[in-house]
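Here's the structure we're looking at; comments come further down.
Computation of the quantities below employed the complete heavy-atom set of this structure, encompassing side-chain atoms and omitting hydrogens, waters and symmetry-equivalent molecules. Counting starts at 1 for both ligands and their atoms, following the listed order.
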Amino acid sequence: MNEFFKTISKIPYEGAKSKNPLAFHYYDANRVIMGKPMKEHLPFAMAWWHNLCASGADMFGRGTADKAFGVAELNTMEHAKAKVDVGFEFMQKLGIEYFCFHDVDIVPEADDIKETNRRLDEISDYILEKMKKTGIKCLWGTANMFSNPRFCNGAGSSNSAEVFAFAAAQVKKAIDITLKLGGKAYLFWGGREGYETLLNTDVKFEQDNIARLMKMAVKYARSIGFTGDFYIEPKPKEPMKHQYDFDAATAIGFLRQYGLDKDFKLNIEANHATLAGHTFEHDLRISAIHGMLGSIDANQGDLLLGWDTDEFPSNVYTATACMYEVLKAGGLTGGFNFDAKNRRPSYTAEDMFAGYILGMDTFALGLIKAAELIQDGRIDDFISKRYASYRETEIGRKIIADETDLEELFAYAENVGTPNLPGSGKQEYLQSVLNDVLFG
Ligand code: XLS
Ligand code: NI
Ligand code: NI
C-alpha cells in the first residue's frame, strides 16, 4: 500500500507546551487516569462518512476538499478501496482504534440492490484484511436510509410498503457486514423517520412500523450470532421537522413501549442534544440513569445556528461535563465516534488531522478535568448534603421508604405550619468550584 499522507507521520504526544500542530497536547494514550489508561477511557472512532467521503459541499457550493485520494474516477470500487487504504493510514497515524460506517459510505450504491450487496461483500473482505493487519476494530455499522430519494418519506416510517421492504433489506445486509467486521453495535439513526405535516401523516402507524423494523433487526441479528448492542441515536429535527427520536427521554419511552429496551441503548450526539434544547450532559444523564448510555457521537454544534453543524469538539467545559457523566456511569460499552467534519474552508489533508487532534485533545482534557472534579469531591458532597433531609429526618426517611401517605403528610404540614426554605442551591459557588478545577 502506498502512503497517502506522506508529510505526516504518527502523531506524537508532546504535552501542552508544544507548538507542534501535528502533535497531541493532552491526549497521552497510556497515561493512567483513575486506574485506567486514557485510551481505554476514550475508545475513539473515525466516522467514515465525514472523514473519507464528505468534501465540504453545501447547498451553496460544491466541495472544497479533494477526497479522490489519487483515484481518477470517483465512486468506483477503486475509489472505495483507496478510502479504505487512506482511512486505515489515518487511524494508525492518530492511534484511533475504531471506525463507524454506513453501508453507502464504504461502497458506491448501485441502481440494483443486488450489485450494491455484491460490492459490500467485496469491500468488507478488503476492510477485514486491513483490520487483521492493524488491529483496528469496528465500533458500529448502520444503513443509510435517508439519502436515497426512495426514503423521502422515511424508511421504517415510509407510507410505501415497498420502501419498507428495501429498508429492511438494507438493514439485513448492514447487520451482516457489521457482524462480519466484528462491530460492537448496530445503529439506527432515523434520518427521515419523522414528518413535516399531520395533514398527510398517520403518526401511530409510522411509529408502529419503525418498531416492527427494529424488532425484525433484533430477531435476525440474534439468529446469526450478533451479541452486540443496538443503538438509537436521537435527534430532534433536520432533515425532518418533527423527528420521532427527539431526544434521549423520547427514545427511551419509545423503546420501552415496544419492548425493545433490552436490546437497545442510546448513542448520544452532542449537537443533537443541543438542537433538542438540552445540554449534551443532560441527554447523557437521562440515558445513564435508565442504564441506556451506550455510545457517543463526539462533536459540537453552534448555538447561534439552528442545525447540525457537526464541528470538532473544542469546548472544554462541555467535554468535562460529558466525561463526568461517563466516569460516573462507569464508562461506555461503546466509544467516542467523531461525527464531525472540518469547516468548508479547512480543506487540506493537514486539516483532517487537525480536526481529530483537536477533538481527541479536548476529550482528553475533559477526562483529566472530570477526574479531578470527582477527586475534589466538593460537587458530590454538596449534592449529597442537598438531599440530606430525606436521610436525616423521620418524615424524610418515611417518604423514601414509601411508608407514608397524603393524609400523614397533610397532618405533618398542618402541625409544622410554615416550612423552612429548602436550602440554597449555591449555583454560583459551584460554578466557581468548576472554574477552580479547570483553571486553578
Ligand atoms: C446525522 C447523524 C448521522 C448518524 C449516523 O445527523 O448524526 O451522522 O450519526 O447515521
Ligand atoms: Ni448528527
Ligand atoms: Ni451522529
Side-chain angles (χ1 to χ4, degrees), residues 44-54 56-58 98-106 109 138-148 151 154-157 167 170-171 173-175 177-178 183-194 210 213-214 217 229-248 251 264-278 280 283-284 287 293-303 305-313 318 322 332 334-343 355 359 363:
F44 290 126
M46 179 192 76
W48 209 275
W49 53 102
H50 283 314
N51 205 43
L52 302 172
C53 306
D58 65 17
Y98 292 91
F99 63 89
C100 298
F101 70 97
H102 302 82
D103 47 2
V104 302
D105 303 336
I106 56 174
E109 193 176 8
C138 172
L139 181 58
W140 50 255
T142 185
N144 176 326
M145 303 192 292
F146 43 88
S147 294
N148 191 298
F151 296 122
S157 67
Q170 263 184 265
V171 168
K173 190 68 186 175
I175 290 173
I177 301 295
T178 302
K184 277 191 172 188
Y186 182 83
L187 176 127
F188 283 88
W189 170 58
R192 296 192 195 268
E193 310 289 36
I210 295 170
L213 182 59
M214 289 178 174
D229 284 325
F230 285 83
Y231 296 148
I232 280 185
E233 181 177 320
K235 185 176 184 181
K237 56 187 167 187
E238 198 222 5
M240 297 309 252
K241 179 171 164 185
H242 301 279
Q243 296 262 162
Y244 295 134
D245 301 327
F246 188 92
D247 61 0
F264 275 78
K265 290 192 167 70
L266 300 184
N267 180 48
I268 299 298
E269 176 165 323
N271 202 168
H272 295 183
T274 51
L275 285 174
H278 302 309
F280 181 24
D283 259 18
L284 295 171
S287 309
L293 177 55
S295 204
I296 282 176
D297 268 12
N299 64 11
Q300 73 184 28
D302 185 323
L303 296 182
L305 301 175
W307 60 91
D308 201 8
T309 57
D310 286 346
E311 298 174 23
F312 282 97
T318 303
C322 165
L332 295 178
F336 296 79
N337 168 47
F338 286 111
D339 194 354
K341 61 187 178 205
N342 289 109
R343 297 307 86 195
F363 270 83

Among the N/O/S atoms of [X], which is closest to the Ni ion (ligand 3)? Give the atom name.
{"X": "Glu233", "result": "OE2"}
{"X": "Glu269", "result": "OE1"}
{"X": "Asp297", "result": "OD2"}

Students often mix this up, so state it plainly: with edges at 30° and 60°, are the rings of [X] and [Y] parallel, tilted or perpendicular?
{"X": "Phe338", "Y": "Phe312", "value": "tilted"}
{"X": "Phe363", "Y": "Phe44", "value": "perpendicular"}
{"X": "Phe188", "Y": "Tyr186", "value": "perpendicular"}

Output for pair (Trp140 CH2, Phe230 CZ), nearest 0.5 Å, gives 14.0 Å
Rounded to the nearest 0.5 Å, what's the gap from CH2 on Trp189 to CG on Asn144? Could you check? 8.0 Å
Identity and separation of the nearest protein heavy atom to atom 10 (O) of ligand 1: His102 NE2, 2.6 Å
If you have a sec, work out which protein heavy atom is nearest atom 8 (O) of ligand 1 and how many Å separate them, to one decimal? Asp339 OD2, 2.9 Å
Give a yes/no verdict on whether any heavy atom in His272 is under 4.0 Å from an atom of ligand 1. yes
Test salt bridge (Lys or Arg N to Asp or Glu O under 4.0 Å) applied to Lys173 and Asp103, step by step: CA-CA 8 Å; Lys173 190 68 186 175; Asp103 47 2; over 6 Å; no
Between the side chains of Asp310 and His50, does any donor sit under 3.5 Å from an acceptor? yes
Below the 3.5 angstrom mark, is there an N/O of Thr142, backbone or side chain, next to an N/O of ligand 1? no
Check: Glu269 N/O within less than 3.5 Å of ligand 1 N/O: yes
Below a 4.0 angstrom heavy-atom separation, can you tell me which part of Lys235, side chain or backbone, both or neither, approaches ligand 1? side chain
Glu193 side chain to Gly156 main-chain N or O, any donor-acceptor pair under 3.5 Å? yes
The Ni ion (ligand 2): angle it makes with OD2 (Asp308) and NE2 (His272), nearest 10 degrees: 90°
For ligand 1, which atoms sit closer than 4.0 Å to a heavy atom of Glu233? 2 (C), 3 (C), 4 (C), 7 (O), 9 (O)
Can you sort out which atoms of ligand 1 are near Asp297, meaning under 4.0 Å from one of its heavy atoms? 9 (O)
Metal check, the Ni ion (ligand 2) vs Asp339 N/O/S, cut-off below 2.8 Å: no
N, O or S of Asp310 under 2.8 Å from the Ni ion (ligand 2): no
Sole candidate of Ile232, Leu187, Thr142 that passes side chain to side chain contact (heavy atoms under 4.5 Å, CB included) when paired with Asn267: Leu187
